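One is the number of the first residue; the rest follow in order along the sequence. Only heavy atoms go into these numbers, but all of them, side chains included; no hydrogens, no water, no symmetry mates. Note that this is a predicted model, so its numbers are computed, not measured.
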Amino acid sequence: MLNYKRYRRNPVVDYPEREWPNKQIERAPIWCSVDLRDGNQALIDPMIVEEKVEMFRFLIDLGFKEIEVGFPAASQIEFDFLRQLVDRKLIPDDVRVQVLTQCREELIERTFEAIEGCKQAIVHIYNSTSTLQRDVVFGKDKDHITEIAVSGTKMVKEYAAKFPGKIILEYSPESFTGTELDYALEICTAVQETWGATKEDPIIINLPSTVEMTTPNVYADRIEWMNKHFKNRESIILSIHPHNDRGTGVASAELAILAGAERVEGTLFGNGERTGNVDALNIAYNMFSQGIDPELHLEHINDIIEIYERCCKIPIHPRHPYAGKLVFTAFSGSHQDAINKGVKAMKERKSEIWEVPYLPIDPADIGREYEPIVRINSQSGKGGVAFVMDTYFGFKLPKAMHKEFANVIQKISEKQGEVSPEQIMESFREEYLNRKEPIHFRRLKVDDLSGETKSEFDTKVTVVYTDRGTEKSFEAVGNGPIDAVKRGIGESLGVNIKILDYEEHALQSGSNSQAAAYIHLLDGDTGSVTYGVGVSSNITRASVRAIFSAVNRLGLG
C-alpha cells in the first residue's frame, strides 16, 4: 500500500485579503535567464566554455537583458568563462550579467575579480532560511541566519564602493517556500536596509520556490503577502525563481506575477535541478497567446530547439508546450475537421484575430506547422498510415512508399470505415512480408571475390528458392550481394528489373534484434514500380527477401 501517511501537508497562508485572483497579466516581466548557472549545473554533461559563449550570445539574440552566467568564485571554468565574456567584449552595454555567490568574504572577493571590467553587474547573494535547513543542515537559529545575510550584504557593499561599474545587489532567501513568512520578511528587510536601497538604486529581492512544496495559489499568496508588507516597496524589484517539483512551475510563476512579482528567473524549456526550473519560454509564449508582447524574440522556435538540444544535450519532449514535435498535430478526425473549418472561416471573414479550434496560436507565428495526422479511416492521408507503422510497429516506411501502402489501406477503410493499427499491420504482412509466391527465397551464400578475379564484380551469391513449390537455385555476381541477387533473378526469370532505391533500419535492439529492408523495384519492360519489404536478423537476408517480395508484387515470378 502506498504509504501516504509518511507525509504531511505544507501549511497554507491565512490571507483572506488576497487580491491576485481578480487580476490579469498585463505585461511581460523582467526576464533573467539562469541557463548558464542553475541550468548548466543540472546537466549530465555541463557545457564547455565555447558552448557557454554560444548560449550566452543566443540568449542575447532572444532579448534577455539579464543573464546569470555562473558562480565564478566556486569554479575555475565559470571564472574563465566570465573573463572571456569581458575580455572578448561580448557583453552589450544594455545587458547585465549576474553572478551568484555565497555570503563569504573570500568568495565575494573572487566574484568581484571575475566581474572586473563589466560596466554593470548583478551580484546575487543567498543563504538558506527554511525551518528545515536551519534545523538539520546548519543547526542555527534565526539570528545567526540573518547575520549571515547581513554580513554578506556589507561585504558586497564595501567591494561595490570600490568597483568602477554599477553593482546591483540581489538577495535570495533560499527555500523561501519553506520559510515562515514573517521571518522571510524580517531577513529580506535587514538586507534591504543594510544595502541602503532606494527608488533610484533598488535592490532585487528574489523569492525562490527552491522546492515546490504545495499548490501554486499558496505561492501566490506568499508573494502577495511579502509584496504588501515590504517597507519602502519602491526600492525593491520583486523577483521570483520557481522550480517545478510538483509540475506546476509555470502556474506558480504566472500566479506570482498576478501577486506582484516584476521579474522572473527561469531557463529555456525548464532545464534545471530535479524536475527543472520554471520554463521561461512557456510563460512567454503563454503571454503571446493572450495578445501580450513577451518582449523576447521567439519567432523561430526551431532555432531555439536546435541550439538548446546541441548545447544542453537534452531532447525536447514531444508534448512540450509550443516546442514539442506533436503539439501542433491533430490525430483525431474531429479535431482535424474543426481546425480546417476554423481556418476556412478565418479566411472567408478576413479576420485578423486568430480563432481556430484546438490551436491556441497559429503555429506559423513561431516557425512551426500544423500537421494533421488522424486516426486511419477512408479520409486519412498517406502520412497517417506511415505514422501508425512507425509509432506502433517500428517500420519507418520510405517516403515514396507511403502512398503505395496507403492505397491498400484506403480500399479496406472504404469497405469498413476506421482501420485499427493491428489491421494495418496485418495488411502490411500480407502485402509485403508474406508475399512469397510464386517465388520464395530460401537460402543464401555470399562469397567475396575481391582479389580473386579480374572481374568488375566483387561478390558472388548462390541463392536457393522455390518456384511454385519447386526448388531451384542460381549463381550470380555483382557489386555487392543486392546487385548480384538482382542480376541472378533477372537472368533466371528472364525479366528486366532495376532497383530504384534501397533503405534499411533496425527494428529493435538487443540479442533478438531485427532489421527491415525496403527495395523500390522497376519492371524495365512495363515501367511498373513497387516496393518489397524483408525482415531478418541479418540485413543481407532482409534485403534479399525484400527483392523477392517486390518481384512477386510486380507479378514477374
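By the 4.0 Å N-to-carboxylate-O rule, Glu309 lies too far from Lys325 to be salt-bridged with it. With respect to the salt-bridge test (charged N to carboxylate O, under 4.0 angstrom), the residues Asp293 and Arg27 do not qualify. No salt bridge links Arg83 with Glu116; every basic N to acidic carboxylate O contact stays at or beyond 4.0 Å. Salt bridge Arg104/Glu109: absent, no basic N to carboxylate O contact under 4.0 Å.
His241 and Asn277 share a side-chain donor-acceptor pair at under 3.5 Å. Using a 3.5 Å distance cut-off with no hydrogens or angles, the side chains of Asp365 and Trp354 do not pair a donor with an acceptor. Of the N and O atoms on the side chains of Glu212 and Thr248, at least one donor lies less than 3.5 Å from an acceptor on the other residue. Judged by distance alone, the side chains of Gln102 and Asn127 never bring a donor and an acceptor atom under 3.5 Å apart. A donor-acceptor contact closer than 3.5 angstrom is absent between the side chains of Glu174 and Thr210. If you check the side chains of Gln76 and Asp80, you find a donor sitting under 3.5 Å from an acceptor. For the 3.5 Å distance criterion, the side chains of Thr129 and Thr179 qualify, holding a donor opposite an acceptor. Counting only N and O atoms by type, the side chains of Asp35 and Tyr308 include no donor and acceptor under 3.5 Å apart.
Scanning for side-chain hydrogen bond (donor to acceptor under 3.5 Å, both in side chains) contacts around Asn10 gives an empty result, with sequence neighbours left out. Here Arg233 pairs with Asn227, Glu262 under the side-chain hydrogen bond (donor to acceptor under 3.5 Å, both in side chains) rule; sequence neighbours left out.
Ser289 OG to Asp362 CG: the interatomic distance, rounded to the nearest 0.5 Å, is 12.5 Å. Interatomic distance, CG of Leu207 versus CD1 of Ile223, reported as 4.5 Å (0.5 Å rounding). How far CG of Asn40 is from OG of Ser75: 9.0 Å, rounded to the nearest 0.5 Å. Between the CG atom in Asn302 and the CD1 atom in Ile305 there is a gap of 5.0 Å [rounded to 0.5 Å]. Between the OG atom in Ser172 and the CD1 atom in Ile205 there is a gap of 8.0 Å [rounded to 0.5 Å]. Atom-to-atom distance recorded for Glu254:CD and Ile283:CD1 is 6.0 Å, nearest 0.5 angstrom.
The side-chain heavy atoms of Thr215 and Arg246, taken from C-beta on, include a pair separated by under 4.5 Å. Residues Ile203 and Ile237 fail the side-chain proximity criterion, which asks for heavy atoms closer than 4.5 Å. Proximity of Val150 to Lys154: side-chain heavy atoms (C-beta onward) are separated by under 4.5 Å at one or more points. Annotation: side chain of Met213 is not in contact with side chain of Val218 (no heavy-atom distance under 4.5 Å). Contact of the Cys118 side chain with the Val97 side chain is registered, since non-hydrogen atoms from C-beta on lie closer than 4.5 Å. Inter-residue side-chain proximity for Phe56 and Lys52 is flagged as unmet; no heavy-atom pair is nearer than 4.5 Å.
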Does the side chain to side chain contact (heavy atoms under 4.5 Å, CB included) test come out yes or no for Ser128 and Phe138, once each step is laid out?
CA-CA 9 Å; Ser128 297; Phe138 302 104; 3.5 Å; yes
Could you give me the CA-CA distance, side-chain angles and deciding distance for Glu54 and Arg310, then say whether salt bridge (charged side-chain N to carboxylate O under 4.0 Å, His left out) is met?
CA-CA 11 Å; Glu54 180 181 11; Arg310 178 160 45 79; 2.8 Å; yes
Can you check side chain to side chain contact (heavy atoms under 4.5 Å, CB included) on Asp279 and Tyr285, steps first, answer last?
CA-CA 10 Å; Asp279 184 343; Tyr285 282 121; over 6 Å; no
Run Trp20 and Asn217 through side chain to side chain donor-acceptor pair (under 3.5 Å) and show every step you take.
CA-CA 9 Å; Trp20 61 262; Asn217 61 296; over 6 Å; no
Given the rule in the side chain to side chain contact (heavy atoms under 4.5 Å, CB included) test, do Phe112 and Ile108 qualify, once you have shown the distances and angles that lead to the verdict?
CA-CA 6 Å; Phe112 273 85; Ile108 292 173; 4.0 Å; yes
Verdict with supporting geometry, Phe163 and Ile115, side chain to side chain contact (heavy atoms under 4.5 Å, CB included):
CA-CA 9 Å; Phe163 188 77; Ile115 61 175; 3.7 Å; yes
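Annotation: cation-pi pair Arg134/Tyr183 present, NZ/CZ under 6.0 Å from the ring centroid and within 45° of its normal. Cation-pi contact between Arg368 and Tyr322: absent, since separation from the ring centre below 6.0 Å together with deviation from the ring axis within 45° is not met. Both the sub-6.0 Å distance and the 45° axial angle are satisfied by Lys162 relative to the ring of Tyr159.
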Below 3.5 Å, can you tabulate the donor-acceptor pairs from side chains in residues 63-74 to any protein atom, sequence neighbours excluded?
unit_1: Lys65; atom_1: NZ; unit_2: Asp94; atom_2: OD2; d: 2.7
unit_1: Glu66; atom_1: OE1; unit_2: Arg263; atom_2: NE; d: 2.7
unit_1: Glu66; atom_1: OE1; unit_2: Arg263; atom_2: NH2; d: 2.9
unit_1: Glu66; atom_1: OE2; unit_2: Arg96; atom_2: NH1; d: 3.2
unit_1: Glu68; atom_1: OE1; unit_2: Arg37; atom_2: NE; d: 2.7
unit_1: Glu68; atom_1: OE1; unit_2: Arg37; atom_2: NH2; d: 3.1
unit_1: Glu68; atom_1: OE2; unit_2: Gln98; atom_2: NE2; d: 2.6
unit_1: Glu68; atom_1: OE2; unit_2: His124; atom_2: ND1; d: 2.9

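Closest of all the heavy-atom pairs between Tyr171 and Tyr126 is CE1-CA, 4.2 Å.
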